[in-house]
Participant: 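Structure below; questions to follow.
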Amino acid sequence: MLVSNFRRKEAIPNHFILILFALLAVLPILVLFFNSIKPFSEFGLNPLGPPSEVRLQNFPDAWIAGEYTKIFFNSSKLVFGSVILCLAVSLLAGFSLAKLNPKGSTVIAIYLLVGISIPAQLYILPLFLLWKELSLLNTHIGLIIIYSALNAPFATFLIRSYMIRLPDELFDAAKLDGANTFQIFFRIALPLSWPVILTAGLIIGLAVWNEFLFALTFITDPNFKPMATILFSFQARFENNYALQSAAAIMMVAPIAILFMLFQRRFISGLTSGGLKE
Amino acid sequence: MNFLSNKSYIAWYFVIPVVFIHLFVIGIPSILSLALCLTDWSGLGKINYVGFENFIELFDDRYFKKAIFHNILWTIIFLTVPVCIALMCAYLLTGIKRGQMFYRLAFFFPYMLASVVNCQIWKYLFHPIHGLGGFFESIGIEALASSPFTTKDTSLYAAAFVDGWHFWGFLVVIYLTGMYQVDNHLYEAADIEGASKFQKFRYITLPMIRPIFIFSLMIIIIWSVPVFDYVYILTGGGPAYSSEVVANYLYTHAFVRFNVGYASAVGTLMFFYVIFIVGIFGLLRRLGWEI
């Protein structure tokens with residue numbers, strides 16, 4: 001670790017600058033939170049500050065107005081479906097690329113790397129027409145397949161870089177005992193990889209929960225829409241009811257905030273791992 | 001490592017699912033798009049080959065040229081403002097032990113939030129009546145007294161600001177990781193020589209984190225190409241195309257006018273531009289730039 005490269009008395013102006021930026025990052029979110037528990041009538045006089053009277057009723061109001069029982073279910077379905085499907089294919093591929101080294105594996109790695117950098121706008125329209133042809137528009141399974149494909153390259157590389165560090169002796173020993181490749185995968189590689197499974201699952205889940213472009217394009221039936229696009233139409237529907245709007249937004253933030261508090265390091269290392277790969 | 005290399009076809013079974021799903025969703029539609037950009041297809045009926053007509057038409061369209069210009073501006077803004085702020089904050093953070101985790105979490109949290117939520121927050125804050133409009137007016141910044149999202153001169157910058165606000169914490173964490181890998185003896189030696197804080201940053205930190213720094217510039221350039229959410233939600237490309245970007249332009253042609261050939265031409269240009277950028281960085285690495 002780095003020993004401080006600043007003298008102690010210099011640390012105070014440093015803190016001052018850093019606090020300014022931390023406030024810039026956090027205060028807007030705090031305002032959103034205040035507004036979500038503020039009575040509607042208070043917005044005129046006190047648009048930014050903490051509420052003088054806490055009104056938790058905003059949440060049930062928004063929940064009912066936006067039919068959030070259904071919407072939460074839609075988003076959860078998308079998140080869990082995508083996490084499971086994406087993890088399944090990525091774990092298999094990551095294991096193979098890390099430990100089995102199939103001939104031509106570099107071709108696959110390059111294909112997936114190019115796949116990461118293709119802008120979605122290149123393929124979204126043909127994909128839309130294909131999904132129309134297959135009757136997958138306005139279905140959750142259709143979107144789950146898309147989200148799995150979008151996140152699979154990232155997850156595969158993350159899993160590969162973890163599994164490559166698992167000691168080969170374990171696998172060789174299992175092989176000597178007569179285990180086949182599938183048994184080695186399920187009995188040895190998977191149980192040893194739970195940390196990376198958790199990290200990848202959290203990152204995929206976050207990406208799906210927040211995703212906007214594909215949700216907007218592939219789900220137009222309000223009954224099937226997830227949180228992101230519902231919140232978008234909610235903002236237009238209740239344009240001036242900021243109490244309701246903010247409560248709806250906080251309902252979308254809350255699960256992320258809770259998970260972030262529990263798994264900060266995993267989120268940060270997982271999300272930045274793409275930027276740090278050599 | 002090759003403990004099963006004698007049965008390498010089994011290794012392929014493990015890779016097939018990911019390749020299949022990726023080809024199905026991204027690979028094949030991409031290839032279709034690269035082919036359809038030479039046609040005038042509208043999504044229904046006959047497909048006519050028209051050569052490069054779509055591209056000729058594109059470069060005749062002043063709204064498309066405007067959108068490209070805005071994407072270039074967007075790239076330049078993101079290559080400077082968030083990068084400088086993130087470098088500074090990361091550098092200051094290396095000198096702090098107490099409370100460092102708090103700062104890191106605070107900076108990073110907006111990066112976790114959905115674009116819809118971030119846009120809602122800033123739409124409210126920039127609202128002329130409820131938000132900071134009155135405050136800006138009272139301190140004499142008339143430009144922000146009305147919502148910058150609905151003003152022609154500011155709409156693009158306002159959308160970029162919100163996107164940047166959500167993004168810069170990500171850069172802080174990346175730079176910080178790089179800065180912690182710098183050998184501490186270098187700083188100690190510099191202290192003995194009496195180097196200032198800025199000199200240490202300029203002559204030790206910056207050269208030592210160069211690989212990560214250059215990489216961050218590359219992903220900023222690449223990520224500035226498909227920018228969509230923040231523009232679509234905050235301004236819709238308006239008012240009067242003042243914040244139109246290429247992705248939004250494509251979206252309108254693809255899903256409002258169902259101009260498949262034309263939209264594919266836009267997508268094709270975006271794709272080749274990204275490949276070109278990745279190629280340049282790859283070439284620089286080959287030439288021994290250590291990036």
Side-chain angles (χ1 to χ4, degrees), chain A residues 2-6 11 14 17-18 21-22 25-26 28 32 43 47 89-90 92-93 95-96 100-103 108 115 117-123 125-127 129-130 145-146 148-149 152 156 168 171-172 175 181 210 212-213 228 231-232 235 242 249 252-253 256 260 264 268 272 275-276, chain B residues 1-4 8 10-12 14-15 17-19 21-22 25-26 29-30 32-33 43 89 92 94-96 103 105-108 110 112-117 120-121 124-125 130 169 173-174 177 180 184 187 200 219 222 225-226 228-229 233 247 250 254-255 260 263 267 270-271 274 278:
Chain A
L2 191 78
V3 184
S4 169
N5 58 39
F6 298 101
N14 292 355
I17 297 171
L18 289 168
F21 280 104
V26 170
L32 181 76
F43 274 80
V89 298
S90 308
L92 288 169
F95 172 66
S96 177
L100 305 179
N101 295 305
K103 272 195 192 113
I108 291 170
S117 36
I118 298 176
Q121 280 81 5
L122 176 68
Y123 53 85
L125 182 52
L127 184 65
L129 298 169
L130 181 67
I145 294 172
I146 295 176
S148 302
T156 302
D168 281 328
F171 295 90
D172 291 332
K175 207 203 154 198
T181 316
N210 285 345
F212 184 72
L213 172 62
L231 184 61
F232 181 57
Q235 288 165 8
Y242 294 106
M252 191 169 172
V253 173
I256 294 174
F260 187 58
Q264 323 144 354
I268 293 179
T272 53
L276 298 171
Chain B
M1 197 89 90
N2 278 316
F3 65 94
L4 280 163
S8 68
I10 289 182
W12 276 93
F14 284 82
V15 190
V18 84
V19 172
I21 197 172
H22 199 272
V25 173
I26 293 163
S30 294
L32 276 177
S33 196
C89 286
L92 294 181
T94 57
I96 279 171
Y103 289 119
L105 297 182
F107 295 159
F108 198 77
M112 307 266 301
L113 300 185
S115 50
V116 229
V117 172
Q120 186 184 321
I121 291 174
Y124 181 82
L125 287 177
H130 299 291
V173 175
I174 286 194
T177 316
Y180 272 122
N184 209 38
Y187 292 115
K200 279 188 279 182
I219 55 175
I222 294 174
V225 179
F228 176 78
D229 289 19
I233 298 168
L250 181 145
F255 294 107
V260 181
M270 293 168 85
F271 172 67
V274 168
V278 175

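Model, not experiment: these values are computed from the prediction. Proteins come first, then strands; the chains are lettered A, B, ... in the order of their sequence lines, and each starts at number 1.
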Participant: A:I17 versus chain B, heavy atoms under 4.5 Å apart: side chain, backbone, both or neither?
Facilitator: side chain
Participant: Quick one: list whatever passes ring pair (Phe, Tyr, Trp, His ring centres under 6.0 Å) with A:F43, sequence neighbours left out.
Facilitator: none
Participant: Shortest non-hydrogen contact from B:H22 to A:G115?
Facilitator: CE1-CA, 3.7 Å
Participant: I want to check something: taking the side chain as every heavy atom from C-beta on, are B:F108 and A:F260 in contact at a cut-off of under 4.5 Å?
Facilitator: yes
Participant: For the side chain of A:S96 and the backbone of B:A11, is there at least one donor-acceptor N/O pair under 3.5 Å apart?
Facilitator: yes
Participant: Output yes when a side-chain donor or acceptor of B:Y103 lies under 3.5 Å from a complementary backbone atom of A:F21, and no otherwise.
Facilitator: no
Participant: With a 4.5 Å cut-off on heavy-atom pairs, point out which of A:A249, A:A93, A:P28, A:A228 contacts chain B the most.
Facilitator: A:P28
Participant: Hey, are the side chains of B:V117 and A:L32 touching, using non-hydrogen atoms and a 4.5 Å cut-off?
Facilitator: yes
Participant: Do the non-hydrogen side-chain atoms of A:L130 and B:V25 ever get within less than 4.5 Å of each other?
Facilitator: no
Participant: Go through the atoms of B:A247 and report whether side chain, backbone, both or neither lie under 4.5 Å from a heavy atom of chain A.
Facilitator: both
Participant: Of the non-hydrogen atoms in B:M112 and A:N210, which two are nearest, and what is the gap between them?
Facilitator: O-ND2, 2.8 Å
Participant: Return the minimal non-hydrogen interatomic distance between B:A106 and A:A25, and the atom names on each side.
Facilitator: O-CB, 3.5 Å
Participant: Given side chains that start at C-beta, do those of B:C89 and A:L18 come closer than 4.5 Å, heavy atoms only?
Facilitator: yes
Participant: Could you tell me which of B:P29, B:G267, B:P17 has the largest number of non-hydrogen atom pairs under 4.5 Å with chain A?
Facilitator: B:P29
Participant: Tell me, for B:F271 versus chain A, whether the close heavy atoms (under 4.5 Å) come from the side chain, the backbone, both or neither.
Facilitator: both
Participant: Nearest 0.5 angstrom please: B:W12 CH2 to A:I108 CD1, how far?
Facilitator: 3.5 Å
Participant: Would you indicate whether the side-chain heavy atoms of B:V274 and A:I118 approach each other to under 4.5 Å?
Facilitator: no
Participant: Which one of B:V15, B:V19, B:V278 has the most heavy-atom pairs closer than 4.5 Å to chain A?
Facilitator: B:V15
Participant: State, yes or no, whether a side-chain contact exists between B:L113 and A:V253 at a heavy-atom distance under 4.5 Å.
Facilitator: yes
Participant: Is any side-chain heavy atom of A:Q121 closer than 4.5 Å to one of B:V225?
Facilitator: no
Participant: Give, as side chain, backbone, both or neither, the part of A:T156 having an atom under 4.5 angstrom from any heavy atom of chain B.
Facilitator: side chain
Participant: What distance do A:L125 atom CG and B:L32 atom CG have between them, rounded to the nearest 0.5 Å?
Facilitator: 10.0 Å
Participant: Using non-hydrogen atoms and a 4.5 Å limit, figure out which bit of B:L125 sits close to chain A: side chain, backbone, both or neither.
Facilitator: side chain
Participant: Between A:L127 and chain B, with a heavy-atom cut-off of 4.5 Å, which part of the residue counts as in contact: side chain, backbone, both or neither?
Facilitator: both
Participant: May I ask you to test the A:T272-B:T177 pair for a side-chain heavy-atom distance under 4.5 Å?
Facilitator: no
Participant: Once you round to the nearest 0.5 Å, how far does OG of A:S148 lie from CD1 of B:I21?
Facilitator: 4.5 Å
